[in-house]
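Both counts, for ligands and for their atoms, begin at 1 and track the order of listing. Everything numeric in this text was worked out from a predicted model, so none of it was measured.
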Amino acid sequence: VSTEQHIDIGADHILVLVTPSGATEPTGVEVEHLTPGGKPCVGWINLDVARNHDLPEARKWQVESWDPITLSPSLLCGCGDHGFVRSGKWVPA
Ligand SMILES: [Zn+2]
């Protein structure tokens with residue numbers, strides 16, 4: 001059983017931090033948002049945490065701060081949605 005923490009970062013973006021069973025910190029984030037055309041879309045990123053050490057560096061996001069949450073680098077979804085998560089807010093790129 002994993003646990004989820006929902007964070008509304010504004011601009012129609014909600015982060016769902018997923019902590020797998022047995023883990024002490026979230027390992028991935030579901031990014032609920034709207035496409036540039038206004039339709040619901042969901043992306044996923046892996047976080048650069050101890051549990052993900054086997055994943056390639058290029059496929060992990062750095063957690064610069066957990067609270068308020070700041071991630072690096074920017075998030076680009078296949079739908080074209082692109083922006084930054086900084087100090088708990090969505091900042092369009
Ligand atoms: Zn999208």
Side-chain angles (χ1 to χ4, degrees):
V1 177
S2 60
T3 58
E4 298 182 347
Q5 179 191 1
H6 293 243
I7 305 173
D8 187 341
I9 58 171
D12 296 314
H13 284 68
I14 295 171
L15 301 183
V16 182
L17 275 60
V18 178
T19 304
S21 175
T24 55
E25 60 190 353
T27 60
V29 182
E30 208 173 78
V31 186
E32 300 179 1
H33 60 279
L34 299 179
T35 67
K39 296 191 170 132
C41 187
V42 180
W44 173 264
I45 61 168
N46 293 303
L47 300 175
D48 189 8
V49 293
R51 266 224 170 186
N52 286 340
H53 76 274
D54 285 341
L55 295 179
E57 291 298 325
R59 300 195 50 205
K60 292 186 282 196
W61 273 255
Q62 309 293 320
V63 182
E64 295 182 5
S65 166
W66 285 109
D67 188 17
I69 191 160
T70 295
L71 303 175
S72 167
S74 65
L75 282 67
L76 174 61
C77 183
C79 73
D81 185 61
H82 189 199
F84 299 86
V85 177
R86 288 182 184 149
S87 300
K89 298 289 177 198
W90 178 259
V91 181

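Residues satisfying the side chain to side chain donor-acceptor pair (under 3.5 Å) test with D8, not counting sequence neighbours, are none. Every residue two or more places apart in sequence or in another chain that forms a side chain to side chain donor-acceptor pair (under 3.5 Å) with S74 is listed here: H82. Partners of Q62 under the side chain to side chain donor-acceptor pair (under 3.5 Å) rule, at least two apart in sequence or in another chain, are D48.
Here L15 contributes atom CG and L71 contributes atom CG; the two are 6.5 Å apart, rounded to the nearest 0.5 Å.
L47 and V18 are assigned to two separate hydrophobic clusters, defined by single-linkage of ILVMFWY side chains at heavy-atom distances under 4.5 Å. Clustering ILVMFWY residues whenever any of their side-chain heavy atoms sit less than 4.5 angstrom apart, transitively, puts F84 in a cluster other than the one holding L75.
Excluding water, every protein N/O/S atom under 2.8 Å from the Zn ion (ligand 1) is given here by residue and atom: H33 NE2, C41 SG, C77 SG, C79 SG.
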